[in-house]
Amino acid sequence: MRPTVRTKICGLKTPQTVAAAVSAGAAYVGFNFVPKSPRYAAPELARTLALDVPEGVAKVGLVVDQDDAALDALLEVVPLDFLQLHGSEAPERVSEVRARYGLPVIKAVGLRDAEDLPAIAAFEAVADQVLVDAKPPRGATLEGGNGVTFDWRLIAGRKWSKPWMLAGGLTVENVAQAVSLTGARQVDLSSGVETAPGVKDAALIRAFLAAVP
Ligand SMILES: O=C(O)c1ccccc1NCC(=O)[C@H](O)[C@H](O)COP(=O)(O)O
């Protein structure tokens with residue numbers, strides 16, 4: 001049975017882990033199209049995986065600062081339901097992507113302290129959903145998937161007009177507390193269900209989904 005809090009498992013790249021996410025009740029499965037990431041899935045692989053995802057589970061494509069030519073090529077191959085923009089895309093670019101592809105856009109915003117909060121409002125105005133993630137640690141090479149949390153009290157009790165997801169260092173141990181503190185109705189994670197960077201584990205995926213309230 002699906003948990004009440006909708007869950008996105010990001011960075012899937014094997015049939016076994018996609019199947020584990022789907023059967024344990026994930027609402028979204030994420031494919032990572034960031035070539036430098038250990039979670040990268042080539043478009044042909046992602047297409048094969050996506051074709052096996054049942055109706056009712058949304059397929060999300062994660063990209064960082066891609067231009068139209070790259071997105072055209074990606075969307076020709078992979079049947080996606082959402083695009084997740086996880087780079088330094090400006091609000092105008094979010095609007096352009098929505099208009100050009102007719103797909104809902106999830107825009108990631110990184111938080112470290114209160115100064116980062118206004119970005120959520122800026123993207124809330126143009127994106128279909130906002131992914132409220134931890135800002136990468138200084139010196140990190142990946143824009144996300146770093147397994148670090150932010151201070152959840154920064155967003156406790158805040159309300160936004162668009163659906164949003166909580167991300168950043170979520171694990172089987174902390175997800176219930178993170179949800180209770182922030183009021184999140186959706187969560188997203190990647191490294192918390194891995195045994196090594198980019199290596200997802202079906203048992204960890206099932207355990208995480210069982211721990212989501
Ligand atoms: O996961 C990656 O490798 C990645 C690389 C570049 C940009 C974004 C990336 N991941 C974004 C995600 O949606 C992650 O699920 C999110 O940042 C949370 O990651 P984690 O802290 O590992 O749960």
Side-chain angles (χ1 to χ4, degrees), residues 5-14 17-18 21 26-42 45-46 58-66 70-71 74 80-89 93-94 97 104-112 116 119-120 123 127-152 154-155 163-179 182 184 186-201 204-205 207-209 211-212:
V5 173
R6 293 162 62 79
T7 301
K8 169 169 162 273
I9 309 283
C10 198
L12 294 163
K13 53 183 194 182
T14 67
T17 54
V18 172
Y28 305 83
V29 290
F31 303 117
N32 180 318
F33 300 108
V34 184
K36 67 184 172 185
S37 170
R39 304 171 183 109
Y40 174 72
L45 168 63
K59 303 174 291 294
V60 181
L62 186 172
V63 295
V64 168
D65 297 326
Q66 293 288 278
L71 292 179
L74 176 64
L80 293 172
D81 302 308
F82 283 83
L83 277 170
Q84 177 176 331
L85 306 185
H86 214 106
S88 50
E89 300 88 359
R93 180 64 182 148
V94 174
V97 169
V105 169
I106 302 169
K107 176 65 183 111
V109 175
L111 291 193
R112 183 177 295 131
D116 299 318
I120 300 180
F123 285 109
D128 297 275
Q129 301 206 25
V130 179
L131 191 149
V132 181
D133 198 356
K135 213 171 215 180
R138 290 184 177 84
T141 54
L142 295 176
E143 293 80 356
N146 291 300
V148 292
T149 55
F150 64 90
D151 183 351
W152 300 318
L154 283 172
I155 59 167
W164 64 281
M165 295 185 190
L166 177 68
L170 297 176
T171 64
V172 68
E173 286 87 17
N174 69 14
V175 66
Q177 193 200 356
V179 164
T182 62
Q186 306 195 100
V187 294
D188 163 76
L189 87 163
S190 193
S191 52
V193 287
E194 291 178 347
T195 53
V199 184
K200 293 275 181 309
D201 183 86
L204 291 178
I205 290 172
F208 183 86
L209 279 152
V212 173

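Both ligands and their constituent atoms are indexed starting at 1 by order of listing. Being a predicted model, the structure only gives us computed values, none of them experimental.
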Please check if the side chain of [X] supplies one atom and the backbone of [Y] the other of a donor-acceptor pair under 3.5 Å.
| X | Y | answer |
| --- | --- | --- |
| N174 | G169 | yes |
| N32 | L62 | no |
| R39 | V34 | no |
| E173 | T171 | no |
| D128 | V105 | yes |
| Q84 | G61 | no |

>> Apply side-chain contact (heavy atoms from CB on, under 4.5 Å) to residues K8 and V60 and explain how you reach the verdict.
In response: CA-CA 9 Å; K8 169 169 162 273; V60 181; 3.8 Å; yes

Closest approach of any protein heavy atom to [atom], naming residue and atom:
| atom | value |
| --- | --- |
| atom 17 (O) of ligand 1 | D133 OD2, 2.5 Å |
| atom 1 (O) of ligand 1 | R39 NH1, 2.9 Å |
| atom 6 (C) of ligand 1 | E143 OE1, 3.6 Å |
| atom 19 (O) of ligand 1 | G145 CA, 3.2 Å |

> Does any donor atom in the side chain of D65 or S88 lie under 3.5 Å from an acceptor atom in the other side chain?
Replying inline: yes

For ligand 1, is there an atom lying under 4.0 Å from some heavy atom of [X]?
| X | answer |
| --- | --- |
| G147 | yes |
| Q84 | yes |
| K36 | no |

Report the part of [X] (side chain from C-beta onward, or backbone N, CA, C, O) that has a heavy atom under 4.0 Å from ligand 1; answer both or neither where that applies.
| X | value |
| --- | --- |
| N146 | backbone |
| S191 | both |
| D188 | side chain |

Atoms in ligand 1 with a heavy atom of [X] nearer than 4.0 Å:
| X | result |
| --- | --- |
| K8 | 13 (O) |
| G169 | 20 (P), 21 (O), 23 (O) |
| V64 | 7 (C) |
| G168 | 18 (C), 21 (O) |
| N32 | 1 (O), 2 (C), 3 (O), 4 (C), 5 (C) |
| S37 | 2 (C), 3 (O) |

> Evaluating non-hydrogen atoms only, which member of G144, P136, S190 is closest to atom 8 (C) of ligand 1?
Replying inline: G144

> So F31 and L45, side-chain contact (heavy atoms from CB on, under 4.5 Å) or not? Walk me through it.
Replying inline: CA-CA 10 Å; F31 303 117; L45 168 63; over 6 Å; no

>> Is any side-chain heavy atom of E143 closer than 4.5 Å to one of K135?
In response: no

> To the nearest 0.5 Å, how far apart are CG in L170 and OG1 in T149?
Replying inline: 8.5 Å

